[in-house]
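Please read all numbers here as calculations on a predicted model, not as lab measurements. As the structure lists them, so they are numbered: ligands from 1, and atoms in each ligand from 1.
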Amino acid sequence: MPEDKPVSPAPPVARPRPDDGQGAVVVERQTQKTEPPRIYQVVLLNDDYTPMEFVVMVLQEYFKRDLETATQIMLKIHHDGRGVCGVYSKDVAATKVELVLAAARRGGHPLQCIMEAA
Ligand code: TYC
């Protein structure tokens, strides 16, 4: 798998401008010219059939959550209908969705996993 650390957007860049013509040093805050890469959250959806233990395993295996956090996220999904598993770059999020769906189908579970721009 490529880099799978969560990402956060780059802050605006402050560029020092040495001389403003009036003997003062000015720091200008500029908006970044190249757009930072968009980030995506991977979301699991609740259903009535996938075993809770399988969802906890998915959160541990594919989203590197410890048992306690995985259980909390699973219960949130169970009660609210959906829950965020992690936030990643576009290609890493897409890969995780595919891996989770493939594991769910192998296990015969209807678990749904989607990604959305964060
Ligand atoms: N609702 C499922 C059950 O009661 C458990 C479950 C949790 C299923 C999270 C999917 O994404 C899910 N067995």
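Between the side chain of Arg65 and the backbone N or O of Cys85 there is at least one donor-acceptor pair closer than 3.5 Å. Here the side chain of Arg105 pairs no donor or acceptor atom with the backbone of Val100 at under 3.5 angstrom.
Residue contact check: Leu111 has heavy atoms under 4.0 Å from atoms 10 (C), 11 (O), 12 (C) of ligand 1.
Considering each of Thr50, Leu45, Leu44, Val43, the one bringing a non-hydrogen atom nearest atom 12 (C) of ligand 1 is Leu45.
Here the closest non-hydrogen pair linking Asn46 and His78 is ND2-O, 3.5 Å. Across all non-hydrogen atoms, the minimal contact from Ala103 to Tyr62 is CB-OH, 3.6 Å. In this structure, Val58 and Leu44 approach most closely via the heavy-atom pair CG1-CD1, 4.4 Å.
When only non-hydrogen protein atoms are considered, atom 9 (C) of ligand 1 lies nearest to Ile77 CG2, 3.5 Å. Looking from atom 2 (C) of ligand 1 to the surrounding protein, the closest heavy atom is Asp47 O, 3.2 Å. Nearest protein heavy-atom neighbour of atom 4 (O) of ligand 1: His78 CE1, 3.1 Å.
Residue contacts with ligand 1: Asn46 is placed with a nitrogen or oxygen under 3.5 Å of a nitrogen or oxygen of the ligand (distance criterion only).
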